[in-house]
Participant: 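Below you'll find the structure I mean.
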There are 2 protein chains.
Amino acid sequence: MQMDERKRKILRAIVQDYIATAEPIGSRTIARKFDLGVSSATIRNEMADLEDLGFIEQPYTSAGRIPSDAGYRYFVDCLMDPKVLNTEEKEFIERESTKRIHEIQEVITHTSKLLSELTNLTSLVLGPHKAKSTFGKLHFLPYQPGQVIMVIVKENGAVENHIIEVGENQTAEELQQVAEVFNQKMRGYSLNQVKRSMLHEIYSELSRQRLLIDNTLDMLRAILDDSEEDERICLGGTLNMLNQPEFKDLGKVKTLFKVFEENEPLKKLLHPHQEGLNVTIGGENMMKEFKDCSVISATYKVNGLTIGAVGVLGPTRMDYAKVIAIVDFMTRSLTEVLTKRRR
Amino acid sequence: MQMDERKRKILRAIVQDYIATAEPIGSRTIARKFDLGVSSATIRNEMADLEDLGFIEQPYTSAGRIPSDAGYRYFVDCLMDPKVLNTEEKEFIERESTKRIHEIQEVITHTSKLLSELTNLTSLVLGPHKAKSTFGKLHFLPYQPGQVIMVIVKENGAVENHIIEVGENQTAEELQQVAEVFNQKMRGYSLNQVKRSMLHEIYSELSRQRLLIDNTLDMLRAILDDSEEDERICLGGTLNMLNQPEFKDLGKVKTLFKVFEENEPLKKLLHPHQEGLNVTIGGENMMKEFKDCSVISATYKVNGLTIGAVGVLGPTRMDYAKVIAIVDFMTRSLTEVLTKRRR
DNA sequence: GTTAGCACTCATTAAGAGAGAGTGCTAACA
DNA sequence: TGTTAGCACTCTCTCTTAATGAGTGCTAAC
């Protein structure tokens with residue numbers, strides 16, 4: 001059995017209606033609501049075919065039909081009219097995107113907020129990949145007797161600092177010298193690469209400055225070890241999920257929100273390594289907690305390099321055309337802002 | 001009508017039972033469960049009195065009784081056996097508290113996690129009061145042509161940094177000189193105090209360095225303006241609320257979680273300006289969203305100065321003795337850890 | 001190939017009947 | 001006078017039953 005134009009029209013009608021109402025729809029209602037020029041009986045026959053093809057399903061005997069995951073997939077791939085944001089919407093996003101761009105963290109949280117507000121769904125934003133950011137420079141700043149502030153500047157502009165212990169009689173020159181060795185060895189290397197032999201090299205070269213080196217290395221190691229784990233997903237609009245009729249059940253809410261507290265599962269949803277825009281529908285993402293959810297995700301770049309991803313999570317019954325348009329435009333806008341910011 | 005010993009016993013029984021079961025309890029059940037040596041009829045009479053006194057109430061005619069806010073209050077003030085943690089529990093908390101004390105933010109989040117796990121309720125932790133922290137030192141670090149990293153060290157050890165724009169031809173000496181002026185004028189002042197005339201003074205003294213000063217001032221202002229707002233409450237274990245039978249209603253969950261997203265209302269719950277341990281029961285905290293919740297909060301200190309607060313939020317039906325003991329011990333432990341950490 | 005008609009299915013809703021827990025009141029008792 | 005037993009009454013909760021209504025699949029006619 002093949003899809004023909006009429007089947008396509010009916011499937012589109014079912015998906016659109018279900019997205020709008022969240023109610024199963026029957027043949028009679030389709031005939032009434034959508035002007036397809038055929039009777040409900042004909043639609044009924046076609047719907048039986050669509051069910052055989054796996055595009056729609058019945059929650060129970062003699063309820064209306066709802067789209068299956070495959071139905072949504074066909075809709076997204078073949079039936080949907082791709083939406084383009086109008087200039088007003090575009091301008092709004094661009095205006096908002098350029099508002100707070102000083103701190104990278106601010107950009108992330110603001111993007112997340114914006115996404116969830118525009119879609120009324122839950123947004124996921126993954127900040128720049130730390131491991132990919134390369135070591136720029138190490139500074140020591142005087143703080144208190146026996147303590148200095150260690151500032152690590154990465155080449156992507158991120159700055160981290162920690163207070164570390166040094167000998168009481170450490171002079172500024174010695175500190176300067178130590179920093180210099182680190183800077184020469186490590187500049188331009190990613191934090192992952194630094195991990196290996198390099199540290200030992202530094203250690204042997206500066207064996208006199210035991211305490212300082214030890215503490216610096218400890219701190220660096222802490223930062224390196226964190227770097228993977230520290231890629232926290234920024235979540236926005238989680239409460240929007242509570243407004244979705246599919247989450248009127250408290251048990252579902254509980255399991256969903258439990259996953260929201262973990263980072264790794266959320267990261268998986270985003271496909272940060274899969275460049276460009278991705279649509280994952282229902283069971284397509286392997287985690288059973290999200291089998292009733294879809295994710296629209298896309299990556300963003302800085303200077304041509306993919307460094308992070310944003311996404312929108314909602315029930316499979318979501319307005320794909322709209323959300324795809326928003327996510328797509330958002331990542332472009334983000335890429336632009338971040339690239340401009342870095343100069 | 002006065003409270004006598006028997007009334008007290010009965011009230012204690014009602015509160016304890018309701019805390020444990022979340023079900024209204026009737027006279028017969030009390031007579032059966034608690035060995036008070038009188039019949040259900042007598043208890044019934046006493047319960048009528050307790051209701052007149054406002055300590056218990058009926059959800060509806062011919063249901064059992066549940067404690068009123070006033071009943072919990074009387075229980076907490078007069079009836080409760082204060083609990084003391086056993087050494088095992090104490091050691092656990094102390095061990096956990098000293099685990100991650102490098103970053104103040106880590107201490108906060110870890111405390112929050114610990115509190116919520118120990119109580120199975122929601123924890124609120126308010127970090128050190130930023131406005132109270134005093135300006136320590138300003139550094140400029142070279143970054144890229146036309147950009148420097150501005151590092152602001154506060155005297156409490158907190159460090160903030162931002163990248164700012166400067167003229168392309170700015171020399172290290174000039175930067176040094178500008179930083180010096182800022183440092184002389186501002187050291188030891190709280191960020192609130194800095195706000196006023198001082199900035200103008202600096203401005204006039206260094207009028208040649210227009211761009212640099214402008215950007216530095218902008219950034220400082222941003223930090224100053226943020227300082228109030230930036231006292232974010234760290235929430236933990238919000239999901240625990242979903243396990244409470246009083247929140248089996250999705251509407252309640254929604255309003256509760258909505259408030260969780262805002263900072264100011266939560267701050268109010270903590271009474272950060274009211275030193276020591278506080279118990280706020282039900283309607284005692286003015287916000288109607290929390291009229292069915294109680295908060296146990298306490299402040300913590302660094303070097304004798306009250307700088308923050310922690311709290312536990314739960315349904316009015318909570319195990320006051322246990323939670324009070326935990327919060328109390330936790331703030332003591334926190335005070336100790338932070339004081340030691342600062343030296 | 002399309003449509004009208006019809007019997008059938010199944011969730012949802014409303015109404016009604018018990019059951020159960022608890023109360024307040026009264027009268028008897030120590 | 002305080003305590004207790006007994007009893008009628010109230011109100012929620014649960015279970016059953018019946019009615020409703022949307023929708024289907026099948027058959028036969030167009």
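Proteins come first, then strands; the chains are lettered A, B, ... in the order of their sequence lines, and each starts at number 1.
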Participant: Scan residues 237-267 of chain A for pairs that pass ring pair (Phe, Tyr, Trp, His ring centres under 6.0 Å), counting only residues two or more places apart or in two chains.
Facilitator: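 Counting only pairs at least two positions apart or across chains, the ring pair (Phe, Tyr, Trp, His ring centres under 6.0 Å) contacts touching residues 237-267 of chain A are A/Phe257-A/Phe260, A/Phe257-B/Phe257.
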Participant: Establish, from distance only, whether the side-chain atoms of B/Lys254 and A/Asn243 form a donor-acceptor pair under 3.5 Å.
Facilitator: yes
Participant: Can a salt bridge be assigned to the pair A/Arg73 and A/Glu284 using a cut-off of 4.0 Å between side-chain N and carboxylate O?
Facilitator: yes
Participant: Return a single string for nucleotides 12-29 of chain D, one symbol per nucleotide in 5' to 3' order, where B is base contact, S is sugar-phosphate-only contact and - is none, cutoff 4.0 angstrom on heavy atoms.
Facilitator: S---------BBBB----
Participant: Only one of B/Val327, B/Val295, B/Asp77, B/Ile324 forms a side chain to side chain contact (heavy atoms under 4.5 Å, CB included) with B/Val279, so which one is it?
Facilitator: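 That would be B/Ile324; it is the only one of B/Val327, B/Val295, B/Asp77, B/Ile324 passing the side chain to side chain contact (heavy atoms under 4.5 Å, CB included) with B/Val279.
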Participant: Taking only residues two or more places apart in sequence, or in another chain, which ones meet A/Arg44 in a salt bridge (Lys or Arg N to Asp or Glu O under 4.0 Å)?
Facilitator: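 Result, salt bridge (Lys or Arg N to Asp or Glu O under 4.0 Å) vs A/Arg44: none returned.
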Participant: Both atom distances under 3.5 Å, Watson-Crick or G-U wobble: I'd like the secondary structure of DNA chain D as a dot-bracket string, with | for pairs made across strands.
Facilitator: ||||||||||||||||||||||||||||||
Participant: When you check the phosphate oxygens OP1 and OP2 of C/dT2, does a side-chain N or O of A/Thr42 lie under 4.0 Å from one of them?
Facilitator: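 Indeed not, no polar side-chain atom of A/Thr42 lies that close.
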Participant: Is a donor on one side and an acceptor on the other found under 3.5 Å between the side chain of B/Ser112 and the backbone of B/Leu124?
Facilitator: no
Participant: Find the distance B/Glu23:CD to C/dG20:P and express it as a whole number of Å.
Facilitator: 16 Å
Participant: Any ring pair (Phe, Tyr, Trp, His ring centres under 6.0 Å) involving residues 42-62 of chain A? Give me the pairs, sequence neighbours left out, ordered by first then second residue.
Facilitator: A/Phe55-A/Tyr74
Participant: Tell me, please, which residues at least two apart from A/Lys33 pass salt bridge (Lys or Arg N to Asp or Glu O under 4.0 Å).
Facilitator: A/Asp17
